[in-house]
*Asks:* 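Sharing a structure here in structure tokens format.
Every chain is numbered from 1 and lettered A, B, ... according to where its sequence line falls, protein lines coming before strand lines.
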Protein chains: 2
Amino acid sequence: MSTRRDPEATRAAILEAAEEAFLQKGVADASTSLIARRAGVTKSLIHHHFGSKEKLWQEVKRRRFEQYAAGQQQMLDTSEADEGLLRRSMKLYFQFLQQNPEMIRLMAWMYLEADTECGDIDSQLLHSGVDKIRQSQEQGIFRQDVDPRYMLMVFLMLSQQWFQSRAHLCRDLGIDQDDATIDRDFFEVMEKIFFEGVLPR
Amino acid sequence: MSTRRDPEATRAAILEAAEEAFLQKGVADASTSLIARRAGVTKSLIHHHFGSKEKLWQEVKRRRFEQYAAGQQQMLDTSEADEGLLRRSMKLYFQFLQQNPEMIRLMAWMYLEADTECGDIDSQLLHSGVDKIRQSQEQGIFRQDVDPRYMLMVFLMLSQQWFQSRAHLCRDLGIDQDDATIDRDFFEVMEKIFFEGVLPR
DNA sequence: TTGTTAACTGGCCGACCGGTCAATTCTAGA
DNA sequence: TCTAGAATTGACCGGTCGGCCAGTTAACAA
């Protein structure tokens, strides 16, 4: 049996194991030994390929953020600026977080670490979203007395925070978490309130 | 100089140093040695008074949550159930988080650790809020086609997430973070959208 | 075929971790 | 005043951490 080498596969294995360990246990609590073991390589290889534990963490974040931004940008580029766009974007963003819970954990870690990296990656993304909203405002589709930037934030924050505090809030409020419909239920409420508000029309 | 003893003060000093260290660096990354040093005591005293690092963390959380719940409950008890109540509650909750940024970090850590403690403390709090909203719905003040539990969540989540992602979003969107008015600006938007929605009336 | 370089290994290092323990000092109640 | 027990100390434990290094092996270009 020949032990062939594949540095790219090694890098990938390390990155995958690192992402899982970092997001699950946190950077401080995830040891390089564990990551190496899960990746099926020696600890030294981590330092060989990435330099240090910290640089490995940076790379994990960068990669995740990049693929996130790519998907979101594509969604934005293939849409017109109308009320339906914001409704669809809302749903897509919500579904994205639903299917990528690691992204929620990643953003929570970045907040706690006061991480300022990866910002420029989604800066363009945000500006695209703001432009779409501003266009809708100019067409009279949305009310014009609110800053489009904050308007965008509201809908991003609602989705994100739902997946972050869903477990706590549902347990404390006696909502069955195993019920697969709670995500859909909440989204409907969120959509209603965002577009129409809580006051009767 | 007599070296008088004050176990209560010692406990308090340890708790204060622990809270700062835990919330700043995370439980895994904050060492008992550091906490002891900052509290001006020996490491052994931490174990003497609290048993273990984990129990100390539990105590830090319990204390913070208790004083948080006490303040919020008092606010709820001294209010009538009308639109003004929800507006005031919203503002008070927002201001509370604004003045207690540690609470945001605490909740973020608890999410990442999948912490299920301290839930019963604010469970009653949440149910009080839901009841108030339900009363308002029955009086026709609020629309009745949305679950009051989710309605409450929306406004809680908006406040919380604002303080969590404020730094990132404002930087990426080119909003001056040093400007002390951004909190007020965002609150106005959030209030507008929550009560009236984004569609023109 | 050979030589250079990158991939990879295992062992080792000093530092620090959470926790224990015996010994000492203070304090409150009998 | 005496004494039991709590408060406090510093030395110490086994274990793990991130990182380093000398040596070995595979890949590849000349």
*Asks:* Using 4.0 Å as the upper bound for N to carboxylate O, is an ion pair formed by A:Glu59 and A:Arg62?
*Replies:* yes

*Asks:* Once salt bridge (Lys or Arg N to Asp or Glu O under 4.0 Å) is applied, what residue pairs with a partner in residues 23-45 of chain A remain, sequence neighbours excluded?
*Replies:* A:Glu20-A:Arg38

*Asks:* Sub-3.5 Å donor-acceptor pair from the side chain of A:Arg105 to the main-chain atoms of A:Gln24, do we have one?
*Replies:*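 Indeed, once roles are kept as given, a pair shorter than 3.5 Å links the two residues.
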
*Asks:* Would B:Gln164 and A:Gln160 count as having a side-chain donor-acceptor pair, cut-off 3.5 Å?
*Replies:*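 The answer is no; no qualifying pair exists.
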
*Asks:* Counting N and O atoms only, with roles assigned by atom type, does the side chain of A:Gln144 sit under 3.5 Å from a partner on the main chain of A:Gln137, one being a donor and the other an acceptor?
*Replies:* yes

*Asks:* Could B:Arg184 and B:Glu188 be called an ion pair, given the rule that one side-chain N must be under 4.0 Å from one carboxylate O?
*Replies:*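 Salt bridge present between B:Arg184 and B:Glu188.
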
*Asks:* Spell out, as yes or no, whether a donor-acceptor pair under 3.5 Å connects the side chain of A:Ser165 to the backbone of A:His168.
*Replies:* no

*Asks:* Determine whether the side chains of B:Gln139 and B:Gln135 contain a donor N or O and an acceptor N or O closer than 3.5 Å.
*Replies:*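 On atom types as modelled, these side chains do not qualify, holding no pair under 3.5 Å.
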
*Asks:* How close or far is atom P of C:dG10 from atom CD1 of A:Ile46, stated in whole angstroms?
*Replies:* 14 Å

*Asks:* Could you tell me how far apart A:Lys55 (NZ) and D:dG18 (C1') are, to the nearest whole angstrom?
*Replies:* 14 Å

*Asks:* Please enumerate all protein N or O atoms sitting under 3.5 Å from an N or O of nucleotides 5-9 of chain C, with distances to 0.1 Å.
*Replies:*
| residue | atom | partner | partner atom | Å |
| --- | --- | --- | --- | --- |
| C:dA7 | OP2 | A:His48 | NE2 | 2.9 |
| C:dA7 | N3 | A:Arg5 | NH1 | 3.0 |
| C:dA7 | N3 | A:Arg5 | NH2 | 3.3 |
| C:dC8 | OP1 | A:Thr10 | OG1 | 3.1 |
| C:dC8 | OP2 | A:Thr10 | OG1 | 3.3 |
| C:dC8 | OP2 | A:His49 | NE2 | 3.0 |
| C:dT9 | OP2 | A:Thr42 | OG1 | 2.4 |
| C:dT9 | O5' | A:Thr42 | OG1 | 3.4 |

*Asks:* Please give, in whole Å, the distance from D:dA7 P to B:Ile14 CD1?
*Replies:* 11 Å

*Asks:* Each nucleotide N or O in nucleotides 15-17 of chain D that has a protein N or O under 3.5 Å away: list the pair and distance.
*Replies:*
| residue | atom | partner | partner atom | Å |
| --- | --- | --- | --- | --- |
| D:dC17 | OP1 | A:Ser31 | OG | 3.1 |

